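In what follows, a single structure is set out as structure tokens and then discussed.
Here the structure is a predicted model, which is why all the values come from computation and not from measurement.
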Amino acid sequence: MKIGDLVKCPVDLDTGEMFSGVTTLGIITYFHKTEPKIGVTYLTNDRSVPIVGSWFTEEVILVSEG
């Protein structure tokens with residue numbers, strides 16, 4: 001995985017529930033230096049404020065390499 005890759009994250013942005021079976025697309029934007037975590041910006045229809053999150057690499061699914 002690298003910055004710019006597209007991943008599926010196990011979160012429902014409408015409810016905030018994690019691991020509910022709903023996935024949201026995101027783009028990897030950074031890597032944490034001290035943990036095996038990545039930062040993502042979610043792809044949403046609302047362009048006013050970007051929504052970001054952090055995930056352990058094993059929690060997300062790689063969709064395509066950027």
Just wondering, do V7 and L25 contact through their side chains at under 4.5 Å, heavy atoms?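 No. Closest side-chain heavy atoms not under 4.5 Å.
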Mind checking whether T41 and I51 have side chains closer than 4.5 Å, heavy atoms only?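 Side chain of T41 against side chain of I51, heavy atoms only: no contact under 4.5 Å found.
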What do the steps show when you test L43 against I27 for side chain to side chain contact (heavy atoms under 4.5 Å, CB included), and what is the final call? CA-CA 7 Å; L43 302 175; I27 296 175; 3.6 Å; yes
Pairs of donor and acceptor atoms involving the side chains of residues 8-22, under 3.5 Å and at least two apart or interchain, shall be tabulated with distances.
| from | atom 1 | to | atom 2 | distance (Å) |
| --- | --- | --- | --- | --- |
| D12 | OD1 | D14 | N | 3.0 |
| T15 | OG1 | E17 | N | 3.2 |

Let me check something: do F56 and L6 share a hydrophobic cluster, defined by ILVMFWY side-chain heavy atoms less than 4.5 Å apart, either directly or through other members?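 No, F56 does not connect to L6 through the hydrophobic network.
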To check you understand the geometry: which heavy-atom pair defines the closest contact between F31 and M1, and what is its length?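 Scanning both residues, the minimum pair turns out to be CZ-O, 3.5 Å.
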Might you point out which heavy atoms bring W55 and V40 nearest each other, and give the distance in Å?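 For W55 versus V40, the nearest heavy atoms are CD1-CG2, 3.8 Å.
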Residues in side-chain hydrogen bond (donor to acceptor under 3.5 Å, both in side chains) contact with T57, at least two apart in sequence or another chain: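 Residues passing side-chain hydrogen bond (donor to acceptor under 3.5 Å, both in side chains) with T57: none at all.
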Name all pairs fulfilling the side-chain hydrogen bond (donor to acceptor under 3.5 Å, both in side chains) condition that reach into residues 24-33, sequence neighbours left out, sorted by first residue then second.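 Of all non-adjacent pairs touching residues 24-33, those that pass side-chain hydrogen bond (donor to acceptor under 3.5 Å, both in side chains) are Y30-S54, H32-S54.
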Report the C-alpha separation of V60 and I38 in whole Å, then their side-chain angles, then the decisive distance to 0.1 Å, and conclude whether the side chain to side chain contact (heavy atoms under 4.5 Å, CB included) test is met. CA-CA 9 Å; V60 299; I38 57 171; 3.9 Å; yes
If I take atom NZ from residue K37 and atom CD from residue E58, how far apart are they, to the nearest 0.5 angstrom?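 Reported value, rounded in 0.5 Å steps: 10.0 Å.
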